[in-house]
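Take a look at the structure below.
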Protein chains: 2
Amino acid sequence: MTTTSRAVPGGPGRRPERPQLTERQEERRRRILKATAELAGLGGFDAVQMREVAERAGVALGTLYRYFPSKVHLLVATLQDQLRQLQETLRKRPPTAAEPGARVAQTLMRAFRALQREPQLADAMVRALIFADRSVGPEVEVASRLTSAIILDAMGAGGRPTPEQLSVARVIEHTWHAALITWLSGRASSAQVRTDIETVCRLVGAPADRP
Amino acid sequence: MTTTSRAVPGGPGRRPERPQLTERQEERRRRILKATAELAGLGGFDAVQMREVAERAGVALGTLYRYFPSKVHLLVATLQDQLRQLQETLRKRPPTAAEPGARVAQTLMRAFRALQREPQLADAMVRALIFADRSVGPEVEVASRLTSAIILDAMGAGGRPTPEQLSVARVIEHTWHAALITWLSGRASSAQVRTDIETVCRLVGAPADRP
DNA sequence: CGTCTGCCTGAAACTTGTTCTAGATTAGCG
DNA sequence: CGCTAATCTAGAACAAGTTTCAGGCAGACG
């Protein structure tokens, strides 16, 4: 048993994230993520069962685990996908409000409406994100960075945000996640979520350049 | 199979929370929670294994499940215990700062230091809290209410808080939970947690009577 | 073309949360 | 005390995440 360092498709190469993937491998990966999103959309976190994902994606169970080392990894990767899509959409149609705080609120409410259309998918992704332990650290970090970037963009702090702006964005991101959790677990209405989002955006002001 | 409504010790009686419990039963319940806290303190969420808890508590597995219908229920009950203890402590030594925001920050930092002493226990309880699904709704609600009460107390809104104060407390509670999560999953340092707490308390001001 | 290495498959095994069953114990109660 | 229903115990059984293993296939390289 030498230092095998079993070559995971998802990456021994450290930096290049996901190094060179064969065409067929890229294809497999896509099928896995598609199957995951389908099942998640159907029944949430619990409905994403690894055997079922593997079957739908037409890969062996072992292969699924080679691409994504755990169910949480798989779902966080799915979240990354969705966040990137959202980022695309926002780039095309940015929020229109004048105040930074209002723009952030507008952006998050848009995202929230999208999640409301697929509450089960939202459940799967968010639960995975917050349940993730240290072993998923890097992947969660990527998702978190995407979220922060979306918020900072809405704040108008696109390029080089100040430390203060970063702190504010963190607080907003935290509130966003926690509000989603309470909504998903049925302890808060969607109206309550809206209130929470508006409250935090209003209170912290999401200032673009305030000293 | 009639409408058995299997009489769980934890309560068919709805309101009285946990109705009349025999001495022996109360004793069992204590042993279970003790074993849970021990295991959790040792290795966090994953180390709390139902068989092991049952064995340490000296009860059968079936009994454990009769008292706490799932691992998450068990850990949320443990959290409730700890929160009540914290509340006691705070009643004896309330925060000293003059500003409401500062008092909240002081209170939360005190709680955070306590958690830092038992990071694994914190891991188990917090992960359970946020991972809880609808079936744990009532228990999570209790824990959430305890947390809110602690924050509102620190704000000086003890008796009858205004809607604005409730919103603010919600945002603070959300940030608190989310900050803990990022700390527990190793994506934020304890210094970062302190910053987040101070940021949200400062930004929202935790106003005691502001219109 | 043949071989070699690494990826993929199918299937079984293992782990841990959860459920179920049969029998022993206990708590209430007449 | 003796009866009844509820509770507890020991242990098997089941479900889903994860690991492992033997063998097949494919592309790289000589």
Side-chain angles (χ1 to χ4, degrees), chain A residues 1-2 4-13 18-29 31-32 36 39-40 43-75 124 127-128 131-133 135-136, chain B residues 1-2 4-13 18-29 31-32 36 39-40 43-75 124 127-128 131-133 135-136:
Chain A
M1 197 193 286
T2 64
T4 33
S5 83
R6 51 206 261 279
V8 174
R18 216 175 333 118
Q20 65 294 16
L21 274 221
T22 294
E23 189 62 35
R24 298 171 56 72
Q25 288 178 324
E26 200 61 72
E27 179 56 31
R28 270 194 203 98
R29 190 169 192 281
R31 284 204 311 272
I32 292 174
T36 303
L39 286 171
F45 188 90
D46 294 330
V48 178
Q49 304 192 351
M50 302 303 270
R51 290 171 232 264
E52 179 80 13
V53 170
E55 185 170 356
R56 287 205 180 203
V59 303
L61 189 55
T63 305
L64 172 54
Y65 273 95
R66 179 185 284 271
Y67 280 73
F68 301 95
S70 81
K71 176 169 170 170
V72 170
H73 282 86
L74 175 57
L75 284 169
R127 297 260 293 283
F131 191 63
D133 67 352
S135 72
V136 205
Chain B
M1 196 192 285
T2 63
T4 32
S5 84
R6 51 204 259 279
V8 175
R18 216 176 333 119
Q20 65 294 15
L21 273 221
T22 293
E23 189 62 36
R24 296 170 57 71
Q25 287 179 324
E26 199 60 72
E27 179 54 33
R28 269 193 204 99
R29 189 169 194 280
R31 284 205 311 273
I32 290 173
T36 303
L39 287 170
F45 187 90
D46 293 331
V48 179
Q49 303 193 353
M50 301 304 270
R51 290 172 232 264
E52 179 81 13
V53 170
E55 185 169 357
R56 287 204 180 204
V59 302
L61 189 55
T63 304
L64 172 54
Y65 272 95
R66 179 186 282 273
Y67 280 71
F68 301 96
S70 79
K71 175 169 172 173
V72 170
H73 282 86
L74 175 58
L75 284 169
R127 297 260 293 283
F131 191 62
D133 66 351
S135 72
V136 205

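Within every chain, numbering begins at 1; the chains are lettered A, B, ... in the order of the sequence lines, protein sequences first and strands thereafter.
Rounded to whole Å, atom C1' of C/dT18 lies 14 Å from atom CD of B/Gln49. When the P atom of D/dG17 is taken as reference, atom CE of B/Met50 falls 18 Å away, rounded to whole Å. Across the protein-nucleic acid pair, A/Glu27 atom CD and D/dA26 atom C1' stand 17 Å apart, rounded to whole Å. If you measure from atom CG of A/Leu74 to atom C1' of D/dA16, you get 14 Å, rounded to the nearest angstrom. Summarising the geometry, the separation between CG on A/Leu39 and P on D/dA16 is reported as 13 Å, rounded to the nearest angstrom. If you measure from atom NE2 of A/His73 to atom P of D/dG17, you get 16 Å, rounded to the nearest angstrom. For the pair A/Ile32 CD1 and C/dC8 C1', the computed distance is 11 Å after rounding to whole Å. Computed from coordinates, the A/Arg31 CZ to C/dT9 C1' distance equals 13 Å when rounded to whole Å.
The main-chain N or O of B/Arg24 is never found under 3.5 Å from a side-chain atom of B/Thr22 such that the two would form a donor-acceptor pair.
Cation-pi geometry between B/Lys71 and B/Phe45 is met: under 6.0 angstrom from the ring centre, within 45 degrees of the axis.
Taking all atoms of both residues into account, the shortest heavy-atom contact from A/Val53 to A/Leu74 is CG1-CD2, 4.2 Å. In terms of heavy atoms, B/Phe131 sits closest to A/Arg127 at O-NE, 3.3 Å.
One finds a side-chain N or O of B/Gln25 lying less than 4.0 angstrom from the OP1 or OP2 phosphate oxygen of D/dC8. Within the 4.0 Å cut-off from OP1 or OP2 of C/dT16, not a single side-chain nitrogen or oxygen of B/Arg51 is found. Put simply, B/Tyr67 has no side-chain N or O that comes within less than 4.0 Å of OP1 or OP2 on D/dT7.
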Quiz prompt | Contact pattern, 5' to 3', of nucleotides 19-30 of chain C - B, S or - by protein heavy atom under 4.0 Å | solution = B-------S---
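Salt bridge annotation for A/Glu55-A/Arg51: absent, with no cationic side-chain nitrogen under 4.0 angstrom from a carboxylate oxygen.
Residues A/Phe68 and A/Arg29 form a side-chain contact, since some pair of their non-hydrogen atoms from C-beta on lies under 4.5 Å apart.
Here A/Val48 lies in heavy-atom contact (under 4.0 Å) with sugar-phosphate atoms only.
Closest approach to the A/Thr63 side chain among C/dT16, C/dT18, C/dT9 is made by C/dT9 (side chain taken as heavy atoms from C-beta onward). The nucleotide whose nearest atom lies closest to any side-chain atom of B/Arg66 is, among D/dC8, D/dG17, D/dT9, D/dC8.
Remark on DNA chain C: of its neighbouring residues A/Arg28 and B/Val72, the 5'-side contact belongs to A/Arg28, judged by nearest-heavy-atom nucleotide.
Checked against side chain to side chain donor-acceptor pair (under 3.5 Å), B/Arg31 has no partners two or more places apart in sequence or in another chain.
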